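Structure record follows, encoded as structure tokens.
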Amino acid sequence: MPDDRDRSDPGVQPDMDSGFRHRPTPNAGRATGTPQPGTVVPGRDADPAVPHNFPLSRSEARSFDGGRLQGAHGANWPILVDQQAAVYLITLGPGGIREPHWHPSAWEVNYVISGTVRWTFVGPDQTQAAFEAGTGDVVFAPQGHFHYFENASDTEDLRVLVVFNSSAPEPGDDIGIVHSLSAMPRHVLASVFGTGPEAFDAIPKRLGRVVISRRTGPAEEDAAPSGGR
């Protein structure tokens with residue numbers, strides 16, 4: 001069977017020379033690289049006269065169908081350059097989902113500002129965790145662990161503050177499930193899942209970044225959280 005990957009799309013490649021260590025964002029104060037998806041909503045920038053303060057909740061936002069993403073990082077807050085730190089405010093509307101992904105170069109601390117969030121983690125040695133967290137809770141995602149979270153409410157917004165030990169813009173420093181699966185040849189997926197290649201025909205070869213989406217139906221019963229709160 002031919003390799004059906006889209007070879008015109010180089011995808012997300014790890015920096016093997018760096019051993020996944022973070023490299024400071026070049027040209028601090030100016031966004032670099034491929035523009036991230038989502039509708040850009042203008043907001044306030046950092047005030048050069050007050051370098052230690054950043055108007056996060058009033059800053060530029062990237063708006064998606066399921067929510068929005070606002071961040072302070074090395075490309076828009078000069079004081080973070082070389083500090084290996086970034087802070088994000090993620091707001092998910094009812095049914096909003098942060099695309100399943102993993103960070104090869106950073107861990108993250110998530111503080112639930114308001115709402116109820118449903119988390120799922122997959123780590124080394126086939127470890128798994130699924131649970132709910134609420135307002136005031138802190139959730140830690142170790143570096144390299146595959147994870148995602150979604151708004152568990154059908155009526156209220158979820159707001160989560162995320163702190164990374166990397167100054168790189170998010171989501172440019174993570175690897176998402178959409179790109180990962182769409183880049184795999186169908187015969188490889190069929191082999192590892194133990195089924196026929198036709199089972200994966202509905203998976204697009206290239207969708208680009210998703211970042212935040214919205215649930216299209218009721219949450220699956222077998223995805224009910226266990227443990228946690």
Side-chain angles (χ1 to χ4, degrees), residues 10-38 46 52 54 56 59-62 64 67-92 96-113 117-125 127-129 131 133 137-150 158-180 183 208-213:
V12 180
Q13 298 294 333
D15 185 345
M16 303 307 292
D17 293 335
S18 69
F20 287 132
R21 291 189 300 273
H22 168 68
R23 287 182 175 179
T25 303
N27 300 320
R30 183 180 63 187
T32 60
T34 303
Q36 298 300 331
H52 294 272
F54 188 90
L56 182 62
S59 65
E60 176 183 283
R62 293 196 176 272
F64 306 84
R68 63 182 182 274
L69 179 70
Q70 295 168 279
H73 45 77
N76 66 358
W77 194 9
I79 200 171
L80 290 185
V81 174
D82 296 333
Q83 295 299 311
Q84 294 189 319
V87 183
Y88 281 82
L89 177 61
I90 299 180
T91 303
L92 298 184
I97 299 173
R98 173 68 172 96
E99 179 188 4
H101 64 283
W102 62 285
H103 300 274
S105 61
W107 48 251
E108 63 182 78
V109 175
N110 300 265
Y111 175 74
V112 184
I113 298 174
V117 54
R118 182 179 296 114
W119 282 91
T120 296
F121 284 92
V122 178
D125 299 323
T127 57
Q128 298 183 29
F131 57 92
D137 288 348
V138 175
V139 178
F140 182 72
Q143 179 176 328
H145 284 225
F146 186 78
H147 62 281
Y148 84 97
F149 64 91
E150 61 181 306
L158 167 71
R159 300 178 74 226
V160 178
L161 188 72
V162 188
V163 179
F164 294 95
N165 66 326
S166 166
S167 301
E170 166 78 357
D173 64 333
D174 71 51
I175 300 175
I177 191 172
V178 170
H179 186 91
S180 299
R209 298 308 306 264
V210 173
V211 186
I212 296 175
S213 62

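Below, all heavy atoms of this structure are taken into account, side chains as well, without hydrogens, waters or symmetry copies. Because the structure is a prediction, the values reported are computed rather than measured.
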Can you name the nearest heavy-atom pair linking [X] to [Y], along with the distance?
X: Ile177; Y: Phe146; answer: CD1-CZ, 4.0 Å
X: Gln70; Y: Ala61; answer: CG-CB, 3.4 Å
X: Ile175; Y: Ser180; answer: CG2-OG, 3.5 Å

Any residue meeting ring-ring contact (aromatic ring centres under 6.0 Å, His included) with [X], in chain and number order, not counting sequence neighbours:
X: His101; result: His103, His147
X: Phe54; result: Trp77
X: Phe149; result: Trp119

Just verifying a value: how many Å separate [X] [atom1] and [Y] [atom2], rounded to the nearest 0.5 Å?
X: His73; Y: Ser167; atom1: NE2; atom2: OG; value: 10.0 Å
X: Ile97; Y: Arg118; atom1: CD1; atom2: CZ; value: 9.0 Å
X: Leu161; Y: Tyr111; atom1: CG; atom2: OH; value: 9.0 Å
X: Leu92; Y: Arg98; atom1: CG; atom2: CZ; value: 9.0 Å

Contacts of type side-chain contact (heavy atoms from CB on, under 4.5 Å), residue [X], not counting sequence neighbours:
X: Ala85; answer: Leu80
X: Arg159; answer: Leu89, Thr91, Ile113, Ser114
X: Val162; answer: Tyr88, Ile90, Glu108, Asn110, Val160, Phe164
X: Glu60; answer: Val40, Arg62

Does the side chain of Trp102 come within less than 4.5 Å of Val122's, by heavy atoms? no
Can you find a heavy atom in the side chain of His52 that is under 4.5 Å from one in the side chain of Ile79? yes
Do Gln143 side-chain atoms and Pro104 backbone N/O form a donor-acceptor pair below 3.5 Å? yes
For the pair Glu170 (side chain) and Gly71 (backbone), establish whether a donor and an acceptor sit closer than 3.5 Å, ignoring hydrogens and angles. no
